Amino acid sequence: MKISIICVGKLKEKYWNMAIDEYSKRLGKYVKLEIIEVPDEKAPETMSASEEEIVKRKEGERILKNIKSDGYCVALAINGKNLSSEELSEFIEKTTVRGVSHIYFVIGGSLGLSKEVLDRANYYLSFSRMTFPHQMMRVILLEQIYRAIKISKNEPYHK
């Protein structure tokens, strides 16, 4: 199975990169992992709603270029389904049993995901109704995917 994490923006902080490297290494034993960073669009602090939509659309175009037509796309969205770690494990397992060999998890930029990306998504996943920095969300997502795989393999993992 291949898992791609598509995210907007580049990580600059060393501590985030170290955490991502650690979980990428752990996941590498179980799946082919790919992290795709697409450039974020420069966005001033104050923008009109239409300007925000333009930014999201441009970022969305970059995201969509990286999703193959036969891939299963999971958009991280505040209005998505909340799952426990066990339910995420079951979700990933059932998705692969249905014949999906490539799952894309998409993390939007600071303004969220464009309508086009949300329309392409096969599933909306929410980690909380709270908003998290997208840099932190990468680490949380990788940790939860790792935990889900450990659960599905009945291997121990700290609680």
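Everything quoted here is computed from the prediction, not taken from an experiment.
Here CD of Q135 is found 9.0 Å from CD1 of I20. Values are rounded to the nearest 0.5 Å. Put simply, OG on S4 and CD1 on I103 are 10.0 Å apart, with the number rounded to the nearest 0.5 Å. Atom-to-atom distance recorded for C73:SG and I67:CD1 is 4.0 Å, nearest 0.5 angstrom. Summarising the geometry, atom CD1 belonging to I6 is positioned 7.5 Å from atom CD belonging to E34; distances are rounded to the nearest 0.5 Å. The distance from the NZ atom of K12 to the CG atom of N17 is 10.5 Å, given to the nearest 0.5 Å. Between the CZ atom of F105 and the CD1 atom of I3 there is a distance of 5.5 Å, given to the nearest 0.5 Å.
K10 NZ: 12 or fewer foreign heavy atoms inside a 6.0 Å radius. For R98, the CZ atom counts as densely surrounded, since its 6.0 Å shell holds more than 12 non-hydrogen atoms of other residues, nucleotides or ligands.
Between L76 and L113 there is no side-chain heavy-atom pair separated by less than 4.5 Å. A 4.5 Å side-chain heavy-atom check between M47 and V55 finds at least one atom pair inside the cut-off. Between L141 and I107, some side-chain heavy-atom pair lies under the 4.5 Å cut-off. Side-chain atoms of I35 and C7, non-hydrogen and from C-beta on, do get closer than 4.5 Å to each other. The shortest distance between side-chain heavy atoms of I5 and I36 does not fall below 4.5 Å.
In terms of hydrophobic clustering, with Ile, Leu, Val, Met, Phe, Trp and Tyr side chains grouped at heavy-atom distances under 4.5 Å, M1 and L88 are assigned to a common cluster. Both I149 and L83 belong to a common hydrophobic cluster when Ile, Leu, Val, Met, Phe, Trp and Tyr are linked at side-chain heavy-atom distances under 4.5 angstrom. Under the 4.5 Å side-chain heavy-atom criterion for grouping Ile, Leu, Val, Met, Phe, Trp and Tyr, Y15 is connected to L11 within one hydrophobic cluster. In the hydrophobic cluster analysis, where Ile, Leu, Val, Met, Phe, Trp and Tyr join through side-chain heavy atoms closer than 4.5 angstrom, L118 is grouped apart from L111. The hydrophobic cluster containing V38 does not contain I54, counting ILVMFWY residues as joined when their side-chain heavy atoms lie under 4.5 angstrom apart, directly or transitively.
Among all heavy-atom pairs drawn from S84 and E87, the shortest one is N-OE1, 2.8 Å. The shortest non-hydrogen separation linking G71 to R120 is O-NH2, 2.8 Å. Closest non-hydrogen pair, S126 versus A77, comes out as CB-O, 3.1 Å. Here the closest heavy-atom approach between residue S128 and residue M130 is recorded as OG-N, 2.9 Å. Residue A75 comes nearest to A121 through the heavy atom pair CB-CB, 3.7 Å, listed as atom of the first residue, atom of the second, then distance.
Aromatic ring centres of H134 and F132: separated by at least 6.0 Å. Ring-centre distance between Y123 and Y72: not below the 6.0 Å cut-off.
Counted by atom type alone, Y30 and E155 present one or more donor-acceptor pairs between their side chains at under 3.5 Å.
Using modelled atom types, one side-chain atom of S89 and one backbone atom of S152 make a donor-acceptor pair closer than 3.5 Å.
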Evaluate the criterion side chain to side chain contact (heavy atoms under 4.5 Å, CB included) for residue pair Q144 and R147; output intermediate values, then yes/no.
-> CA-CA 5 Å; Q144 283 299 301; R147 183 181 295 268; 3.6 Å; yes
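Residues satisfying the ring pair (Phe, Tyr, Trp, His ring centres under 6.0 Å) test with F127, not counting sequence neighbours, are none. Among residues two or more places apart in sequence or in another chain, the salt bridge (Lys or Arg N to Asp or Glu O under 4.0 Å) test is passed with E86 by none.
Using a 4.0 Å cut-off between charged nitrogen and carboxylate oxygen, K25 and D21 do not count as a salt-bridge pair. Ionic pairing of R138 and E143 is not present here: no N-O contact between side-chain nitrogen and carboxylate oxygen is shorter than 4.0 angstrom. Electrostatic pairing of E52 and K56 does not count as a salt bridge here, judged by no charged N lying under 4.0 Å from a carboxylate O.
Residue L125 is tested with N82, V74, V106 for a side-chain contact (heavy atoms from CB on, under 4.5 Å); the sole match is V74.
Screening residues 57-71 for side-chain hydrogen bond (donor to acceptor under 3.5 Å, both in side chains), with sequence neighbours left out, gives E41-R62.
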